[in-house]
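Residue numbers count from 1 along this sequence. FYI, side chains are in, hydrogens and waters are out, and symmetry mates aren't considered; it's all heavy atoms of this structure.
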Amino acid sequence: MHEIRINRCKIAVLILAVIIVCISNPVVAFGGYGDSTGSKTFKDFDGARIGIITGSAFDTAIVEAVKDPQLYYYNVVADQVEAIKTNKLDAMVLDDLQYRFMTKNGELDDFEMIEGAPGFLKIAFCFARTTKGNKVLSEFNEFLKVIKADGRLDQILGYWLDGKEYNLDIPSLDELTGENGTIKVATAAIYPPFNYIENGEIIGYEPDILHLFAKEYGYKLDYYDMTFDSIMVGVATGKFDIGSSGTYVTEERQKGMDFCDVVYDSKYVLLYAKDDTAKAAADGVNAGDKNDGFYRTFIEDNRWMLFVKGIGRTLLITFLSMLLGTILGFVVYLLCRKGNKVANGITNAIIWLIQGIPMVVLLMVFFYIIFGKSQIGGIWVAVIGFTLTFGAAVFQMIAAGVKTVDLGQSEAAYTVGYSDIQTFFKIILPQAAQHFIGTYRVEAVFHLKATGIVGYIAVQDLTKVSDIVRSITYEPFYPLIATAVIYIVIGAAISAVFKQVQVKIDPMRRSREDYLKGVNR
């Protein structure tokens, strides 16, 4: 009886706590903010779940307007839109240029907007503090003064916002002469109208400005597409000359890089769903035309080509790093297998270091620091990084496999006159392979999936292509499902190949014909 009373007390306390939470914070209990029948204000979003772009200045802006917001960071605007429709977010923050562009194209028909303070956000290109960066910055500011005075900047803005025709001759990348060198531009081409990809080319408000500048000053442009938060790192370390993706000028950023004159004086807006949007999405009423989504994801502007190129880059990084990693791990094991204390100590320390650092951090260290001043591109940095991690895994697999082979096997081989090398390759390694090939197969599939982070170092692999397409179409279903299916198919193919290898090297799983091949009967 005493125990029953205690349980009843616990239940009563729990119910009371729930009631108190519901009364003190109806947002958590029931969802939704403000008066459902009228327009909302920033005050209605105190304590709300608000999405912002990683690396942007929106967090600084929104905390001045909303009390105690719960900030959630995203790399793709389209993912924020979907999160609001599915009630994972209450609101999101955009600058008004992006908002006006999306409104013009109809992506925000289901949303309401609250306007933030004008002039809070100043958008400009950022420049590396290098000799070249300083030179280009000086030339670029001179160029900006000219195009502001003659109206070309207003024409470009009018085109991207209102679809106004202009008579400007914007050169393509192939038309740039480059007699004064090449400018390396870091961008996140998933934020229209600043920068985005169409028909395989980066276009937008800022590329138009850059192309005009490069034409008049004799430069070529080399774009590096990456996540937005990586742009600042790349420019600050001097890996790139210019950062371009609707970048806001802040005091903190000015400590590590220089900014040109302002190209757009912006303000931010807070977007939230109309009252019936979440319900319609939940009921499937406003889920969108799936056939139309398929067309926009793959057919329109030949976006299927982006997926093809992304698959190619993913396969190149995966298989080349697997091949080189296998060779590296095997060679290092041969050097260490006799138990040399110095060699083993160095090897173990390097493996400990490589495996102790998260892969995305390791890649960024290689890309921005170790190879920061070199001309090595993101694909080859990814190959180097994944070769090291796969090589470390192979080394450990071989070492573990060899330990499973009985010591008597070596002694018997030496007795019949085998040399040390012959013993290892003909007796020990074949038996050890039976034990580690299964682990190797699992590691290979995991290795494939791990390459999905290379977008952080300016590689348009399959995962990055999914981000790009979602940022253009605001259709999450088909890009994500297609990406998942492609990874599953490739992973299954890799696994099937190594399963066949397992069968071939395992005498217990061979057919009688294979087992007795070469034997006179």
Side-chain angles (χ1 to χ4, degrees), residues 31 49-56 58 71-94 98-99 101-103 105-111 188-198 225-229 245 271-274 276-311 314 449 452-456 460-489:
R49 301 165 300 172
I50 298 176
I52 62 175
I53 292 298
T54 304
S56 71
F58 291 147
L71 300 182
Y72 292 83
Y73 293 85
Y74 289 77
N75 285 328
V76 182
V77 173
D79 292 345
Q80 293 175 283
V81 172
E82 188 65 21
I84 292 177
K85 289 182 177 181
T86 54
N87 200 30
K88 295 180 178 65
L89 287 178
D90 301 304
M92 58 186 283
V93 187
L94 286 179
Q98 202 165 12
Y99 168 75
F101 181 83
M102 292 171 66
T103 301
N105 291 333
E107 283 94 358
L108 299 178
D109 290 345
D110 297 326
F111 287 77
I190 55 175
Y191 300 116
F194 297 110
N195 301 271
Y196 66 103
I197 292 178
E198 189 173 280
D225 189 12
M226 61 192 68
T227 57
F228 182 82
D229 51 325
S245 194
L271 298 176
Y272 61 95
K274 291 179 180 177
D276 58 348
T277 300
K279 183 179 184 303
D283 295 339
V285 175
N286 198 33
D289 184 349
K290 291 292 190 286
N291 292 326
D292 181 58
F294 181 87
Y295 176 83
R296 289 185 292 116
T297 298
F298 300 107
I299 309 302
E300 190 174 25
D301 294 328
N302 295 318
R303 291 186 186 122
W304 63 273
M305 287 296 298
L306 291 175
F307 283 94
V308 172
K309 292 178 181 178
I311 293 170
T314 294
K449 295 184 288 185
I453 62 173
V454 295
Y456 281 90
Q460 286 185 14
D461 71 317
L462 180 57
T463 302
K464 180 65 175 177
V465 165
S466 174
D467 292 344
I468 292 171
V469 173
R470 295 201 318 279
S471 72
I472 300 170
T473 64
Y474 294 90
E475 166 61 58
F477 180 82
Y478 285 106
L480 292 175
I481 293 300
T483 301
V485 169
I486 292 169
Y487 273 114
I488 289 172
V489 170

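- With sequence neighbours excluded, no residue satisfies side-chain hydrogen bond (donor to acceptor under 3.5 Å, both in side chains) with Glu198.
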| For Glu82 and Lys88, what are the C-alpha separation, side-chain angles and deciding distance, and is it a side chain to side chain contact (heavy atoms under 4.5 Å, CB included)? | CA-CA 8 Å; Glu82 188 65 21; Lys88 295 180 178 65; over 6 Å; no

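- Closest of all the heavy-atom pairs between Arg470 and Ala78 is O-CB, 3.0 Å.
- Remark: side-chain polar atoms of Asp229 are not paired, donor with acceptor, to backbone N or O of Thr54 under 3.5 angstrom.
- Put simply, the side chain of Arg49 gets close to the backbone of Asn87: a donor and an acceptor are under 3.5 Å apart.
- Of the possible polar contacts, one joining the Gln80 side chain to the Gly51 backbone as a donor-acceptor pair under 3.5 Å is found.
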| What do the steps show when you test Asp301 against Ile472 for side chain to side chain contact (heavy atoms under 4.5 Å, CB included), and what is the final call? | CA-CA 11 Å; Asp301 294 328; Ile472 300 170; 5.7 Å; no

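- Using cut-offs of 30° and 60° for the angle between ring planes, the Tyr196 and Phe101 rings count as tilted.
- Taking all atoms of both residues into account, the shortest heavy-atom contact from Ile50 to Val93 is CG2-CG2, 3.7 Å.
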| query | When you look at Ile486 and Thr314, which way does the side chain to side chain contact (heavy atoms under 4.5 Å, CB included) test go after all the steps? | reply | CA-CA 11 Å; Ile486 292 169; Thr314 294; over 6 Å; no

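- To the nearest 0.5 Å, atom CG of residue Asp467 and atom CD of residue Gln460 are 10.5 Å apart.
- Within the 4.5 Å cutoff, side-chain heavy atoms of Phe111 are placed close to those of Ile84.
- Not counting sequence neighbours, the partners of Phe228 by the ring-ring contact (aromatic ring centres under 6.0 Å, His included) test are Tyr191.
- How far CD of Gln98 is from OG1 of Thr103: 10.5 Å, rounded to the nearest 0.5 Å.
- The aromatic rings of Phe298 and Phe307 are tilted relative to each other, their planes meeting at an angle between 30° and 60°.
- Atom NZ of Lys85 is separated from atom OH of Tyr474 by 10.5 Å, given to the nearest 0.5 angstrom.
- Annotation for Asp461 and Gly452: closest pair OD2-CA, 3.5 Å, computed over non-hydrogen atoms.
- Closest approach of Leu94 to Met92, counting heavy atoms only: CG-CE, 3.9 Å.
- One distance of note links OG of Ser466 with CD1 of Ile190; it measures 10.5 Å at 0.5 Å rounding.
- Of all the heavy atoms in Tyr74 and Asp79, the pair that sits closest is CD2-CB, 3.8 Å.
- One finds the OH atom of Tyr487 at 4.5 Å from the CG atom of Leu462 (value rounded to the nearest 0.5 Å).
- Here CG of Leu480 is found 10.0 Å from OG1 of Thr463. Values are rounded to the nearest 0.5 Å.
- No side-chain donor-acceptor contact under 3.5 Å links Thr297 to the backbone of Phe294.
- Gly310 and Val465 make their closest contact through CA-CG2, 4.0 Å (heavy atoms, listed as atom of the first residue, atom of the second, distance).
- Salt-bridge check for Lys274 with Asp110: failed, with every basic side-chain N at 4.0 Å or more from each acidic carboxylate O.
- Between the Lys464 side chain and the Met226 main chain, a donor and an acceptor come within less than 3.5 Å of each other.
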